[in-house]
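Input: a single structure, listed below in structure tokens.
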Amino acid sequence: MSAPLDGRTRVAVQLGKAASWLSRAAGRGSGAIIGGRVALALEPRALERLTSGRRVILVTGTNGKTTTTRMITEALGARGEIATNATGANMPDGHVAALMNKPKAGYAVLEVDEMHLDQVAEQAHPAMLVLLNLSRDQLDRVGEIRTVEQRIRKVVEANPNAVVVANADDPFIVSAAQSAKDVEWVAMGSSWRGDSASCPRCGHHIDTSTTEWHCTCGLRRPTPGWTFDGDTVTAPDGTKLELNLQLPGAFNRGNAAVALATAYRQGVRFQDIVMKLNQVSSVDGRYRDVNVNGRKARLLLAKNPASWLASLDLISDGDRPMVLVVNSREADGFDVSWLWDVHFEQLLGRRVVVAGGRAADLSVRLKYADVPHTVVKDSVAAIQSLPPGDVDVLANYTAFRDLVAKVGSEK
Amino acid sequence: MSESKIRIALILPDVLGTYGDGGNVIVLAQRLHWRGHQVEVVEVDVDSPVPNDCDIYLLGGGEDTAQQAAVTLLRRHPGMQQAIDKGAAVFAICAGLQVLGTSFTGADGILHGGLGLLDVTTTPMGRRAIGELIAKPDPALGIGTLTGFENHGGATKIGTDARALGTVIHGVGNGVDRFEGVYQGKVIGTYLHGPALARNPELADLLIQWATGLQLAPLDLPEVDLLRRERLAIAD
Ligand SMILES: [Zn+2]
């Protein structure tokens, strides 16, 4: 149970809620962030006050934060009410908003932007830190991944009592987490090596040609307690658990393994966790099938190179036509050079339509990959340019958001 | 159709390959393939000697540690310098450009010696230049307006032995005298990512011509024309 709020925080929360209500009434979306922002402006330590007495689990990393946060929340569901930022508002204002809305929840499961983990952890005193992966995400905006790793490393050092759940396959995460006293290493797998080729500790080339990657400076892959092979997850005690996820792809099985390890450390039984994970069918609009004038479109979000690579792996097995949508607004990053780090060559033989504000860049990339395609800038029109039937739609952040706003309600 | 393979060397692609610069080799290779030439790409990592028989050498952007690794490698194995003497062309981007200069001062404030293939010195600019970059190329090169995306904190001053690749129309470029990039002989340095050769096909063909002496038939790529129109329009 959370501790009672002091007077100042209570006033801040009430004013925040009023701002949130006004924002909703004015038609500016859910209003959650505005409410959090107002509360934070009035009480800069609102996050500390609002997390006091709750058991806090912070989830960070470049990819899979929203999905893993959702999975952990589901898996912990039986343990009582949970405050969580389910819509991916992962900065402190989003956290304050989520906590304000569930004042009585004993648990807080919060997705945290990797650049804000130190700031949030300093106030939230996490019981657990869940560290997924680090790769380039909007390089022109966020800065270098090395800096991010060092900041996360400091958070781990500053919270010696936190149980850490960390990806053993990502050298940057291992570097950040390895000083923790109590770590659950999960072999999440990773096909993206673009950023981890040079060692976070010494800058030398890391040989990642084998699973058991290692560096000459001594940084190496720890032995993971949690592994998965196909749909089977093996726990540290050797227990084998069969997953039957509705979410597709190896990366979601990795996210599920992390959720398993996290919920297990909170005392939930294996079978209860697995049952809950299997029920998750879509996350904040992703992976859903929507009907667009007779086209059954499966919506996939890929925000950055690593995520594009994983998503293309996921959909390239099939033979559905696909629509690729890329924008370059501020939230996406203005630089789309990363398109050249993604192996679009594997799409040869598929019917491809490109859309979005940077459709022309994608078109040049596909031309040089010898992949025939058409360009239809508007993403809905792009889906409609294909014959009725199944379509895979892969979009980056603002492109996905716009598309869900346009077709999300069509069943 | 063609006699021998054209060889393209990628210097330290694992660490000097951020920001999509690996796309430059895809562009060069395809533009040669489409014209019936065979291409071989040689990846040079820290443990391998640098070959001295490639036609084009590419160095991409990267971090400070990668720059020092590149200087060490290229000094220990001067294959690229030998190839330049035999007529090879070099295309170096951002961190790669700085490495080929006479010296560069990293974010750590330490002055490092470069390879001296370009008469330039790089020092911290005090801020980061990030955004679209457009430049009018040196008319002597006979190529179209340059477009790309810059993301760097270094300012590069050109000495008397080198010439500017172009003059900035939009963006920052070298951060000195409104110049963008540099060339000296057949060695080109630039701050253009994007990657540069995808956005600037005439620059790609210029490198190929310099390196091989081939007479290149024009390629009709409406996709690239559209992209260039879009990117150049932001300066209007
Ligand atoms: Zn190392």
Side-chain angles (χ1 to χ4, degrees), chain A residues 135-136 138-147 193-209 215-217 305 308 328 330 333-345 354 357-375 377, chain B residues 12-31 33-34 45-47 60-69 73 93 107 128-132 148-151 153 192-199 201 204 219 221-231:
Chain A
S135 70
R136 265 185 293 164
Q138 309 154 8
L139 247 196
D140 56 298
R141 220 164 52 100
V142 170
E144 293 184 0
I145 154 180
R146 224 163 266 284
T147 316
R193 290 293 187 199
D195 301 296
S196 56
S198 72
C199 175
R201 291 287 170 130
C202 69
H204 286 117
H205 177 72
I206 294 187
D207 179 7
T208 48
S209 57
C215 180
T216 48
C217 74
W308 273 79
S328 67
E330 188 171 5
F334 297 121
D335 184 11
V336 295
S337 303
W338 56 268
L339 288 173
W340 293 80
D341 293 329
V342 177
H343 300 139
F344 289 101
E345 285 79 2
V354 301
R358 299 306 288 269
D361 298 73
L362 199 47
S363 174
V364 169
R365 174 69 188 96
L366 291 178
K367 176 68 191 176
Y368 277 103
D370 278 330
V371 175
H373 59 278
T374 52
V375 179
K377 271 215 156 176
Chain B
L12 296 177
D14 282 332
V15 292
L16 278 181
T18 41
Y19 313 93
D21 296 322
N24 288 321
V25 70
I26 298 174
V27 171
L28 288 173
Q30 275 290 28
R31 296 182 76 81
H33 275 147
W34 285 332
D45 65 36
V46 277
D47 302 319
E63 299 172 24
D64 288 4
T65 48
Q67 287 185 296
Q68 286 143 49
L73 174 79
I93 299 118
R128 216 168 164 79
I130 301 175
E132 292 287 327
F149 192 94
E150 64 182 326
N151 184 352
L192 299 166
H193 300 288
L197 300 185
R199 291 210 195 174
L219 293 170
L221 298 175
E223 297 87 352
V224 178
D225 298 338
L226 174 68
L227 174 63
R228 284 181 59 77
R229 273 202 302 281
E230 267 189 18
R231 294 292 106 204

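Residue numbers begin at 1 in each chain, while the letters A, B, ... track the order of the sequences.
Ranked by heavy-atom pairs under 4.5 Å with chain A, the first of B:Asp21, B:Val46, B:Ile26, B:Asn24 is B:Ile26.
For the pair B:Val224 and A:Tyr368, the minimum side-chain heavy-atom distance is below 4.5 Å. In this structure, the side chains of B:Ile130 and A:Phe334 stay at 4.5 Å or more apart for every pair of heavy atoms. Counting heavy atoms from C-beta on, the side chains of B:Trp34 and A:Asp370 come closer than 4.5 Å.
Proximity to chain A is absent for every atom of B:Arg229, based on heavy atoms less than 4.5 angstrom apart. At a 4.5 Å heavy-atom cutoff, B:Gln68 makes no contact with chain A through either its backbone or its side chain. Neither the backbone nor the side chain of B:Arg228 comes within contact range of chain A; no heavy atoms are under 4.5 Å apart. When heavy atoms are compared at a cutoff of 4.5 Å, B:Leu221 approaches chain A solely by way of its side chain, counted from C-beta outward.
When every heavy atom of A:Ser363 is checked against every heavy atom of B:Glu223, the shortest pair comes out as OG-CG, 3.3 Å. A pairwise comparison of heavy atoms in A:Trp340 and B:Gly20 identifies CB-O, 3.7 Å as the closest pair. Minimum heavy-atom separation, A:Ser337 to B:Pro195: OG-N, 4.4 Å.
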